[in-house]
Enquirer: 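Structure incoming, see below.
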Amino acid sequence: MSMGARFCPDKTFNPRKLLICIKSKATMKITKLVCTPLLVPNKVPYHWAHGVIMGATVILVEVQTDEGISGYGECIGTPSAEAICCYLKLAEKMIVGHDPFENARLLREIYHRFFQAHGNCSAPRYAGMLLAGLEMALWDVMGKSTDKAVHELLGGALHDKISYFGFVQGETPDELAAHARILCDEGCEVIYAKVGRGDKLDYEIVKSIRDAIGNEKRLRIDPNEHWDPQTAVRMIAKLSQFDIDFVEQPSHCESISALAQIHAGSPVSISADQAVFTPFDTYDVCREKAADIIVLGLHETGGISRFRQCAGIAEAAGLNICIHGLHETGITTCAMIQAASTIPNIDDGNQYMNHLLAWDIIDSPNLELQKGKLPIVSGPGLGFSLNVDAVEAAKQAFLESDQS
Ligand SMILES: [Mg+2]
């Protein structure tokens with residue numbers, strides 16, 4: 001299929017040409033969905049409130065078409081890559097034979113069949129994690145088939161660059177503080193650190209980092225739901241002396257009321273992270289004034305379209321969206337940039353995680369921060385090229401792990 005056939009650029013009306021155009025538009029079909037579990041190790045162990053993580057388990061999702069165009073996305077492989085692959089293989093039966101440009105309808109039907117189960121159950125958050133990779137891959141196909149970057153298909157980019165925070169890594173307060181200083185020297189204006197590891201250690205972490213980075217840089221902390229409201233009130237009051245930019249998701253993800261309770265009395269801004277997956281969550285956080293900003297990524301929303309829906313709801317409430325990172329590869333980073341570049345209310349200290357990996361499964365683009373920023377990604381599609389040797393190595397690493 002050529003671009004001309006799909007979009008009929010010849011404005012002269014000709015019924016025969018129109019017929020060819022309509023026939024041609026219906027020609028591209030999805031032929032296969034391939035799911036490959038991968039494991040990519042981290043550079044250093046990742047310490048946070050839920051323990052230590054040694055690498056990223058993801059599922060490479062490939063949508064193949066009868067025109068030889070393949071699109072790629074990825075799903076987060078937790079809690080079970082095998083279980084997610086089973087669902088994706090069921091989804092394959094619902095998309096084979098359809099045009100990738102039916103993306104929105106296909107995803108809606110899959111969601112309804114598997115996660116609303118025709119009214120018998122509801123698992124919207126799991127659905128978002130599971131469908132994200134498929135949705136990304138369909139966008140990649142659509143972009144490649146039209147020779148356009150995905151952000152162009154979404155109306156065009158509003159930003160030239162996306163700004164990221166410096167994500168400190170290490171175990172001890174001294175290690176974290178030393179890394180924070182390096183990130184500041186590299187040009188990051190916002191520093192972000194994990195806490196929720198115990199009151200005394202949290203205090204030492206925040207104090208050490210603030211001492212290391214000085215008073216000019218902004219400092220965010222994330223207890224990852226580990227504080228109940230009482231602990232949150234106590235710790236936020238204690239840590240506020242270190243000029244905290246915001247505290248991210250201090251309390252349990254399932255209680256927007258608890259988040260609102262903490263937010264109402266907090267001297268520090270509060271962000272909602274794990275409390276928000278869907279447009280409905282976004283609306284509830286805004287309505288209940290539970291946070292000052294929403295942290296959100298494609299693996300929560302189920303892909304690019306619903307991410308943009310959530311961003312629109314937040315915009316109407318006056319809130320920005322801060323990109324959320326998970327244990328993911330450059331595929332997600334590129335897809336996230338495509339989406340984030342099209343929303344007006346993107347934050348200036350976003351998160352990405354593929355730079356924590358020892359190596360990535362993409363060859364290009366270069367995703368090394370330049371003074372805390374990444375340029376938007378050009379196309380076609382999501383704009384990355386896979387490193388097939390790295391994919392194979394990650395495939396073997398998964399097979400040799402205790403997760404397979
Ligand atoms: Mg978080």
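We use all heavy atoms of the structure for the numbers below, so side chains are in, but hydrogens, waters and symmetry mates are not. We count residues from 1, following the sequence as given. Counting convention: from 1, in listed order, for ligands and their atoms alike.
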Enquirer: Which pairs with one or both residues in residues 391-404 pass salt bridge (charged side-chain N to carboxylate O under 4.0 Å, His left out), sequence neighbours excluded?
Expert: none

Enquirer: In this structure, is the centre-to-centre distance between the rings of H112 and F115 below 6.0 Å?
Expert: no

Enquirer: Is the distance between the ring centroids of F242 and Y203 under 6.0 Å?
Expert: yes

Enquirer: Check this for me, if you would: do K161 and D348 make a salt bridge, where the nitrogen-to-carboxylate-oxygen distance has to be below 4.0 angstrom?
Expert: no

Enquirer: So what's near the Mg ion (ligand 1), protein N, O or S atoms under 2.8 Å?
Expert: D222 OD2, E248 OE2, D273 OD2

Enquirer: Pick one: which of I270, L259, T231, D228 meets side chain to side chain contact (heavy atoms under 4.5 Å, CB included) with S251?
Expert: L259

Enquirer: Quickly, which of L367, N387, T333 forms a side chain to side chain contact (heavy atoms under 4.5 Å, CB included) with I362? Name it, please.
Expert: L367

